[in-house]
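Numbered from 1 within each chain, the chains take letters A, B, ... in sequence-line order.
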Amino acid sequence: MIQRPRGTRDFGPAEMAKRRKVEQAMRDACARFGFGEVVTPTFEHSELFTLRSGQGIIDEMYVFKDKGDREMALRPEITAAVIRFYVNEMSTMPKPLKLYYLGNCFRYENPQSGRYREFFQIGAELIGTKTPETDAEIIALAVNCIRSAGLENFVVRIGHIGILKSLVKDQIKDEATAAEILRMLDKEDFDAMGDVFDAKALPRGLFDKIVSIADIKGGIDELNNLEDSDATRHLREVFDVLKLYGIEECQVDLGIVRGLDYYSGMVFEVDAPRLGAEKQILGGGSYTLSELFGGEPVFSTGFAIGIDRVVLAVEAEGPIKTPAPLDAYVIPAKDDMRKYAFGIVARLRSQGLKADVDIMRRNLSKNLKYAASVGASYAIIVGNEEMAKRSVTLRDMKTGKQQVVLVDEVGSAIIGSSK
RNA sequence: GCCGGGGUGGGGUAGUGGUAUCCUUGGGGACUGUGGAUCCCUUGACCCGGGUUCAAUUCCCGGUCCCGGCCCCA
């Protein structure tokens with residue numbers, strides 16, 4: 001027997017119904033915000049991703065040589081591809097350009113709860129603008145996606161990378177040390193950071209200042225403890241617009257750093273506290289990536305949501321309700337009724353109902369059992385007595401109640417009952 | 001890459017140094033229109049490799065996969 005590769009999953013019909021419901025809710029949210037869908041290749045030149053994220057990620061990607069000896073990689077994320085697409089073919093489109101995507105991504109990591117080697121992301125990129133309104137729009141969309149997906153318990157943390165980044169870069173001249181300190185900040189590893197300060201004989205006062213800024217978490221008023229700067233003014237405006245959008249559950253968290261260089265402004269993350277170790281369901285921020293891929297510098301803001309984790313988090317709050325897989329299952333009461341059954345199921349299908357019919361020539365009892373076990377809402381029993389009056393028996397599989405209905409009216413009777 | 005816990009039919013289980021229990025599910029039949037019942041028949045399993053042994057599903061080692069955690073997290 002051939003096993004499924006480590007860290008991958010098969011999704012059956014019941015699970016896909018739930019996943020599609022969550023996905024569709026988030027797609028609809030993107031459409032409501034005026035974002036258009038794009039699809040990019042599942043694999044790209046691996047350079048696209050190393051340009052974005054550094055050589056180090058090679059170890060965590062599925063990289064391979066194709067038959068033309070080109071080095072390719074299964075995409076570990078989709079933002080880079082969208083920006084490549086933009087630089088290649090969409091750079092003259094009207095701004096702001098609003099794009100969203102949904103697709104599978106691959107990372108060679110050790111699987112654990114909420115972490116797989118093949119996983120699914122939905123994300124959005126808002127290209128060509130850097131106003132606070134832009135950041136607010138992206139955050140509003142992110143929150144809308146998550147709410148639409150049905151998640152109630154989540155925490156939105158918004159920061160501004162410029163505050164700490166400019167402080168660290170201004171005060172620490174050695175670039176490597178500065179980068180190391182930013183990385184430790186992101187992990188909130190202040191002990192290790194203190195060691196670096198001691199080792200490099202950096203001023204203790206700077207350490208205390210960094211720690212106190214990184215520690216700023218809470219309402220927007222927390223910014224009052226800082227001296228005014230472009231970054232704080234920007235954040236305040238973002239929060240103002242979010243409030244106008246009716247989004248008030250966001251917190252300030254200046255400890256978010258998100259290591260990479262091209263993140264320059266607003267950054268944000270969303271956690272679902274119920275998930276435990278892998279609780280971050282979204283990450284995003286504003287960046288200037290286009291230059292990296294040979295385009296003009298363009299400001300962008302975007303985010304990516306981990307769909308698998310959203311599904312896990314929503315289910316942790318309660319079962320995801322999906323419609324019955326089948327509206328009606330048509331059962332001939334006796335063999336000589338079979339020929340009528342197909343015409344009836346065809347009519348139901350043409351009316352847009354999910355309808356099925358016995359094709360295994362089973363008896364009534366077994367067919368009822370089948371209808372129940374596949375989750376049909378109704379069984380339609382086609383028998384001699386009813387057909388003599390151009391009727392069938394409509395059995396509600398949930399209650400067991402039956403009524404005789406004219407063939408011409410079965411479809412509308414079912415449609416009416418589901419309203 | 002590392003750590004902990006696991007792998008017996010499709011699912012859930014019992015058990016054992018001499019190849020396996022029960023439930024459920026799947027398929028078929030009886031019951032000749034409601035028995036989503038009941039009865040009968042039937043398909044189907046000890047993760048893989050090596051070692052110890054007369055004999056390994058059982059004991060040992062390695063691998064693999066699953067669950068969770070660390071590292072990492074674009």
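Note on A:Gln121: nothing from the nucleic acid sits closer than 4.0 angstrom, heavy atoms only. Residue-level contact check: A:Arg115 touches the bases, meaning some heavy atom is under 4.0 Å from a base atom. When heavy atoms are screened at a 4.0 angstrom cut-off, A:Glu385 is found touching base atoms of the nucleic acid. Across all strands shown, A:Ala277 has heavy atoms under 4.0 Å from sugar-phosphate atoms exclusively, and none from any base.
Under the side-chain contact (heavy atoms from CB on, under 4.5 Å) rule, A:Ile305 has a single partner from A:Leu102, A:Val270, A:Leu282, which is A:Leu282.
Regarding A:Asp336, its CG atom lies at a distance of 10 Å from the P atom of B:rG33, rounded to whole Å. Between the CD1 atom of A:Ile381 and the P atom of B:rU34 there is a distance of 10 Å, given to the nearest Å. Rounding to whole angstrom units, CG of residue A:Asn363 and P of B:rG28 are separated by 10 Å.
In this structure, A:Arg9 forms a cation-pi arrangement with A:Tyr116, its terminal cationic atom sitting closer than 6.0 Å to the ring centre and no more than 45° off the ring axis. Remark: A:Arg107 fails to qualify as a cation-pi partner of A:Tyr62 under the 6.0 Å distance and 45° angle criteria applied to the six-membered ring.
The A:Arg362 side chain lies nearest to B:rG28 when the options are B:rG33, B:rG28, B:rG36. For A:Ser113, the side-chain atoms get nearest to B:rG68 when compared with the rest of B:rA74, B:rU34, B:rG68. Distance from the side chain of A:Ser365 is smallest for B:rG36 among the nucleotides B:rA74, B:rC65, B:rG36. For A:Ala333, taking side-chain heavy atoms from C-beta onward, the closest of the listed nucleotides B:rA37, B:rG68, B:rG33 is B:rG33. Closest to the A:Ile57 side chain, of the nucleotides B:rA74, B:rG28, B:rC72, is B:rA74. For A:Gln112, counting side-chain heavy atoms from C-beta on, the closest listed nucleotide (B:rG27, B:rC70, B:rG35) is B:rC70. Checking B:rG33, B:rA74, B:rG1 against every side-chain atom of A:Asn110, the shortest atom distance belongs to B:rG1.
Taking the six-membered ring for Trp and the full ring otherwise, the centers of A:Tyr329 and A:Tyr370 sit less than 6.0 Å from each other.
Base-pair partner of B:rG1: B:rC70 (Watson-Crick or G-U wobble, both distances under 3.5 Å). B:rG35 makes up no base pair with any nucleotide shown, lacking Watson-Crick or G-U wobble contacts both under 3.5 Å.
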